[in-house]
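This report concerns only the one structure given below.
Residue numbers start from 1 in every chain, and the chains themselves are labelled A, B, ... in the order their sequence lines are given, proteins ahead of strands.
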Number of protein chains: 2
Amino acid sequence: MLSKKTKYAIKALVVLGKNMDQPPMQISKIAETERIPKKFLEQILLDLRNAGFLYSKKGAGGGYSLNRDPKEIFLVSIMRITDGPIAMVPCASLNFYHKCDECHQESTCGIRDVFVDVRDATLKILSETSIADIIKRETTLISV
Amino acid sequence: MLSKKTKYAIKALVVLGKNMDQPPMQISKIAETERIPKKFLEQILLDLRNAGFLYSKKGAGGGYSLNRDPKEIFLVSIMRITDGPIAMVPCASLNFYHKCDECHQESTCGIRDVFVDVRDATLKILSETSIADIIKRETTLISV
DNA sequence: TATTTTTTCGAGTAATATTATAGATTATAT
DNA sequence: ATATAATCTATAATATTACTCGAAAAAATA
């Protein structure tokens, strides 16, 4: 399951992606419009900022804005920051690999073998889909 | 992440798949060979039995055996029993659908739209892969 | 029929992860 | 100076996962 943390992160990035030419937006503003607990959002935005996706400014008139083109922010990167691995088993993870507790012989593990395929299929979609795509999909869905 | 419950379920089914022509195997035997906590495995096997995948027999000489051809037991069915939904968001689930807490307008949700695609890609693999396939993959991996 | 074996059942607990909150601190603008 | 708004550290609340306990029911066999 996708954590709320990740959903909130995506939603915040979408909001900021729609706010590109405007002055930075405050946490409290984002929290209100998307109905995200403010203090929780605070942590999430900080993570995204530390990962280089957001620009932040303190003090009056401060807030957050995207540090990159929304076309260049892909779901896979966000999810790795907020949820960690994409793979469903740690032994099939590219960026967060570690042995499964239960596993005796990884090299011949049929489960791992299948979930490497699942990971690749998931990864393909998530690394092709950007914040800009999400915004585009939403407007497309409205018009349908 | 795949729960241990699901991994244990798959492992148990694989063991039983290799035991097809033998008399039923006891919980304790499966638990030992696969190093699964016995009481936990007990619950898991019961779920699989109630879902019709296993045959069980009480008393001396009793135990568990597969109720179907290992070629006809697919990962997707096992996972739905042990972990529930395949989709990463409840609103994209076929068998366990429910609204996301956070969601205001499902019909135009770009997140949902992407994760329906992810679900489909995952589903394809999991509904094509059987216990027999896992066993086959393992022997193939050994010979490589 | 008594005993042993093994699954079944209902409940409970422990460990861990997720979600959320609190309060003080630091930076910036006016 | 003062107000604004992000940052930091810690902790509380809740949910989920992993696992345990003890007794009951069913079947075999001696």
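Between the CG atom of B:Leu48 and the C1' atom of C:dT8 there is a distance of 15 Å, given to the nearest Å. Atom OH of B:Tyr64 and atom P of D:dA26 are 15 Å apart (whole Å). Atom-to-atom, CD1 of B:Ile27 to P of C:dT8 comes out at 7 Å; the value is rounded to the nearest Å. If you measure from atom NZ of B:Lys7 to atom C1' of D:dA18, you get 13 Å, rounded to the nearest angstrom. Look at CD1 on B:Ile36: it is 16 Å from C1' on D:dT20, rounded to the nearest Å. At whole-Å resolution of the value, CD in A:Gln26 and C1' in D:dA6 are 10 Å apart. Here the P atom of nucleotide C:dT26 and the CG atom of A:Leu46 are 16 Å apart, to the nearest Å. Remark: P of D:dA5 and OH of A:Tyr55 are 14 Å apart, rounded to the nearest angstrom.
Between B:Ser56 and C:dT6, a side-chain N or O to OP1/OP2 separation shorter than 4.0 Å is absent. Distances shown here put every side-chain N or O of B:Lys57 at or beyond 4.0 Å from the OP1 or OP2 atom of C:dT5. Within the 4.0 Å cut-off from OP1 or OP2 of C:dT7, not a single side-chain nitrogen or oxygen of B:Arg49 is found.
Residue B:Met79 is grouped with residue B:Leu94 when hydrophobic side chains (ILVMFWY) are merged at heavy-atom distances under 4.5 angstrom, including chains of intermediate members.
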| query | Does the side chain to side chain contact (heavy atoms under 4.5 Å, CB included) test come out yes or no for A:Leu13 and A:Ile134, once each step is laid out? | reply | CA-CA 10 Å; A:Leu13 291 168; A:Ile134 303 254; over 6 Å; no
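The main-chain N or O of B:Cys91 is found under 3.5 Å from a side-chain atom of B:Arg112 such that the two form a donor-acceptor pair. Between the side chain of A:Asp47 and the backbone N or O of A:Ile81 there is no donor-acceptor pair closer than 3.5 Å.
Side chains of A:Tyr64 and A:Leu46 form a contact here, defined as non-hydrogen atoms less than 4.5 Å apart.
Closest of all the heavy-atom pairs between A:Lys11 and B:Glu102 is NZ-O, 3.3 Å. Looking at every heavy atom in both residues, B:Ala12 comes nearest to B:Leu41 through CB-CD1, 4.1 Å.
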| query | Quick one: what's the B/S/- string for nucleotides 12-24 of chain C, heavy-atom cutoff under 4.0 Å, read 5' to 3'? | reply | -------SBBBB-
